[in-house]
Amino acid sequence: MDTEIAIDCSPLLKIYKSGRIERLLGETTVPASLTPQNGVVSKDVVYSPDDNLSVRMYLPEKAAETGEKLPLLVYFHGGGFIIETAFSPTYHTFLTAAVSSSNCVAVSVDYRRAPEHPIPISFDDSWTCLKWVFTHIAGSGSESWLNKHADFSKVFLAGDSAGATIAHHMAMRAAREKLTPELSDTGISGIILVHPYFWSKIPIDDKETKDETLRSKIEAFWMMATPNNKDGVDDPLINVVQSDSVDISWLGCGKVLVMVAEKDALARQGWGYAAKLEKSGWKGKVELVESEGEDHVFHLMRPDCEKALEAMKIFAGFLKGEMQ
């Protein structure tokens, strides 16, 4: 019988010896709605017919009436590359609030998840989606909301946890490969990394957790997402901060907001990322904000708490150009 468990990561997921994956979190979905929620309408649009992949798009109701151009947010959900989707109540709630607070158009990207689709498939899907988004830069793409409402001079990438890791690598890739021939630069104004999932075998400083059980769990999640990876957490896709071989000086945007939570085991990596970026010779501006007394993705679990509302104000302010 298919009941023998190989890996138990409750309350997130279980992997059985047969290879079957039972996701215990992030599988619930909510529909998009053209009936405004918090002043925001939404719809789902296919971006990759070959792989049946979609985005959930969000638009302020007032913009739909006025036709004004707004900043464009491309968002990558978290979940360790393994759980959650762009259509879950968690991300629908967050993106609706973000769009309402910042008055932007948003594209929430769904990508294929590991371990059925191991890394780098999630990164490749995200790049495919970003290229699809930029087919609308001249106003003649397949999606009317992007044609009519997206200001392509104000494009921002963001994500939480694994999604923040993806956002970073999309900005790096945009510096190497043009998203579209019409661009004279990367096309990306800034990125927001919320509780980014960067890691390394050895702690990056004295403040990072040395709890071997916890470190092993964080490492195990990465290895579930990339089971044949010989480098483990020293792979440059995740060891962005500590590795001397990873050069982030050519990050393809002009400003970066890093958001960390004080009690999050990943927080020191966020601090280290901001410090490395500042020292790298990168020409942009980086800001780091810490939520005191909070843990990993607390703002998604308790979106109405005081600290989450503070974090949303900072997130929205960055999109509105209020970075100090």
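The figures that follow rest on heavy atoms only: side chains count, while hydrogens, waters and symmetry mates do not.
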## Note on the structure
Between Cys129 and Val109 the two heavy atoms that sit nearest each other are SG-CG2, 3.7 Å

### Message
Is it the case that the side chain of Glu143 and the backbone of Trp145 share a donor-acceptor pair, with hydrogens and angles ignored and the cut-off at 3.5 Å?
### Response
yes

### Query
If Ile, Leu, Val, Met, Phe, Trp and Tyr residues are connected whenever their side-chain heavy atoms lie under 4.5 Å apart, and connections chain through other members, are Val55 and Val30 in the same group?
no

### Task
Would you please test Val45 and Trp132 for side-chain contact (heavy atoms from CB on, under 4.5 Å) and show each step?
CA-CA 11 Å; Val45 180; Trp132 172 80; 3.9 Å; yes

### Ala261 versus His296, closest heavy-atom pair with distance
CB-N, 4.5 Å

### Query
In Å, rounded to the nearest 0.5 Å, how long is the span from CG of Asp8 to CD1 of Ile5?
5.0 Å

### Message
For the aromatic rings, using the six-membered ring if either is Trp, is the centroid distance between Tyr111 and His77 under 6.0 Å?
### Response
yes

### Message
If we ignore hydrogens and angles and just use 3.5 Å, is the side chain of Asp235 paired with the main-chain N or O of Leu237 as donor and acceptor?
### Response
yes

### Query
Does Phe152 have its ring centroid less than 6.0 Å away from the ring centroid of Phe134?
yes

### Message
For a side-chain contact (heavy atoms from CB on, under 4.5 Å) check, start with the C-alpha distance between Ile248 and Tyr273, then their side-chain angles and the critical distance, and finish with the verdict.
### Response
CA-CA 9 Å; Ile248 59 176; Tyr273 178 87; 4.2 Å; yes

### Summary
Heavy-atom closest pair (Gln269 atom, Ser200 atom, distance to 0.1 Å) is NE2-OG, 3.6 Å

### Query
Rounded to the nearest 0.5 Å, how far apart are CD1 of Ile238 and CG of Asp231?
12.0 Å

### Query
For the rings on Phe315 and His299, is their centre-to-centre separation under 6.0 Å?
no

### Query
So, the side chain of His117 versus the backbone of Ser122: is there a donor-acceptor pair under 3.5 Å, distance only?
no

### Query
Under a 4.0 Å N-O cut-off, is there an ion pair linking Arg23 with Glu84?
no

### Query
Mind checking whether Phe221 and Ile121 sit in one hydrophobic cluster, side chains of I, L, V, M, F, W, Y counted as touching below 4.5 Å?
no

### Query
Would Tyr75 and Phe156 count as a ring-ring contact (aromatic ring centres under 6.0 Å, His included) if you check the C-alpha gap in whole Å, the side-chain angles of each, and the deciding distance to 0.1 Å?
CA-CA 8 Å; Tyr75 194 88; Phe156 298 89; over 10 Å; no

### Message
Restricting to non-hydrogen atoms, name the atom on Ile191 and the atom on Ala171 that form the minimum distance, rounded to 0.1 Å.
### Response
CG2-CB, 4.0 Å

### Query
Within a radius of less than 6.0 Å around NZ of Lys69, do more than 12 heavy atoms belonging to other residues, nucleotides or ligands occur?
yes

### Query
Checking salt bridge (charged side-chain N to carboxylate O under 4.0 Å, His left out) for the pair Lys201/Glu219: CA distance, chi angles, key distance, verdict?
CA-CA 8 Å; Lys201 196 77 175 174; Glu219 184 171 342; 2.8 Å; yes

### Summary
When rounded to the nearest 0.5 Å, the distance separating CG of Leu319 from SG of Cys104 is 5.5 Å

#### Entry: Donor on one side chain, acceptor on other, Asp151 and Ser153, under 3.5 Å
yes

### Query
Could you give the distance from CG (Leu146) to OG (Ser140), rounded to the nearest 0.5 Å?
11.5 Å

### Message
Other residues, nucleotides and ligands only: do more than 12 of their heavy atoms fall within 6.0 Å of NZ on Lys263?
### Response
no

#### Entry: Enclosure of Glu116 CD (heavy-atom neighbours >12, cutoff 6.0 Å)
yes

### Message
Could you go through Lys217 and Asp211, starting from their C-alpha distance and side-chain angles, then the distance that decides it, and tell me whether this counts as salt bridge (charged side-chain N to carboxylate O under 4.0 Å, His left out)?
### Response
CA-CA 10 Å; Lys217 283 183 179 178; Asp211 181 331; over 6 Å; no

#### Entry: Short side-chain to backbone donor-acceptor contact, Asp124 and Trp127, under 3.5 Å
no

### Query
Can you tell me if NZ on Lys276 sees more than 12 non-hydrogen neighbours from other groups inside 6.0 Å?
yes

#### Entry: Worked verdict on Ser249 versus Asp247 for side chain to side chain donor-acceptor pair (under 3.5 Å)
CA-CA 6 Å; Ser249 65; Asp247 179 8; 2.7 Å; yes

#### Entry: Partner residues of Lys148 under the salt bridge (Lys or Arg N to Asp or Glu O under 4.0 Å) criterion, sequence neighbours left out
none

#### Entry: Between Glu4 and Tyr16, a side-chain donor and acceptor under 3.5 Å
no

### Side-chain donor/acceptor of Asp185 to backbone N/O of Gly187, under 3.5 Å
yes

### Arg56 side-chain N/O to Lys43 backbone N/O, donor-acceptor pair under 3.5 Å
no

### Query
Where do Val289 and Leu257 land on the side-chain contact (heavy atoms from CB on, under 4.5 Å) test, with the steps shown first?
CA-CA 8 Å; Val289 175; Leu257 172 63; 3.9 Å; yes

### Message
The test is salt bridge (charged side-chain N to carboxylate O under 4.0 Å, His left out); show your working for Glu27 and Arg113 and say whether it passes.
### Response
CA-CA 12 Å; Glu27 289 300 278; Arg113 300 173 298 178; 2.8 Å; yes

### Heavy-atom pair of closest approach, residues Val246 and Pro236
CG2-CB, 3.7 Å

### Query
To the nearest 0.5 Å, how far apart are NE2 in His195 and CG in Asp264?
6.5 Å

### Summary
Here the pair of heavy atoms bringing Leu59 nearest to Ala64 is CD2-CB, 3.8 Å

#### Entry: Heavy atoms from other residues, nucleotides or ligands near CD of Glu65 exceed 12 (cutoff 6.0 Å)
yes

### Query
Do the charged groups of Glu68 and Lys62 touch, with an N to O distance under 4.0 Å?
no

### Query
If Ile, Leu, Val, Met, Phe, Trp and Tyr residues are connected whenever their side-chain heavy atoms lie under 4.5 Å apart, and connections chain through other members, are Val260 and Leu309 in the same group?
no

### Task
Keeping the roles fixed (side chain from Asp110, backbone from Ala86), state whether a donor-acceptor pair exists under 3.5 Å.
yes

### Task
Report the C-alpha separation of Glu294 and Arg302 in whole Å, then their side-chain angles, then the decisive distance to 0.1 Å, and conclude whether the salt bridge (charged side-chain N to carboxylate O under 4.0 Å, His left out) test is met.
CA-CA 11 Å; Glu294 298 294 350; Arg302 295 179 287 112; 2.4 Å; yes

### Query
Does the Lys210 side chain pair with the main chain of Asp206, one donor and one acceptor, at a distance under 3.5 Å?
yes

### Query
Between Val155 and Leu183, is there a shared hydrophobic cluster once you connect ILVMFWY residues whose side-chain heavy atoms come closer than 4.5 Å?
yes

### Task
Carefully, step by step, assess Ile218 and Tyr197 under the rule side-chain contact (heavy atoms from CB on, under 4.5 Å).
CA-CA 9 Å; Ile218 294 169; Tyr197 181 21; 3.7 Å; yes

### Message
Could you check, using the six-membered ring where one of them is a Trp, whether Tyr58 and His92 have ring centers closer than 6.0 angstrom?
### Response
yes

### Query
Got a donor-acceptor contact below 3.5 angstrom from the Asn239 side chain to the Gln242 backbone?
yes

### Message
If I take atom CG from residue Leu130 and atom CG from residue Leu157, how far apart are they, to the nearest 0.5 angstrom?
### Response
5.5 Å

#### Entry: Verify same cluster id: Met312, Met301 (apolar side-chain graph, 4.5 Å)
yes

### Query
Just by distance, do the side chain of Ser100 and the backbone of Ala97 share a donor-acceptor pair under 3.5 Å?
no

### Message
Is the positively charged end of Lys307 above the ring of Phe298, judged by distance under 6.0 angstrom from the centroid and angle within 45° of the axis?
### Response
no

#### Entry: Side-chain heavy atoms of Leu53 within contact of Arg112, under 4.5 Å
yes

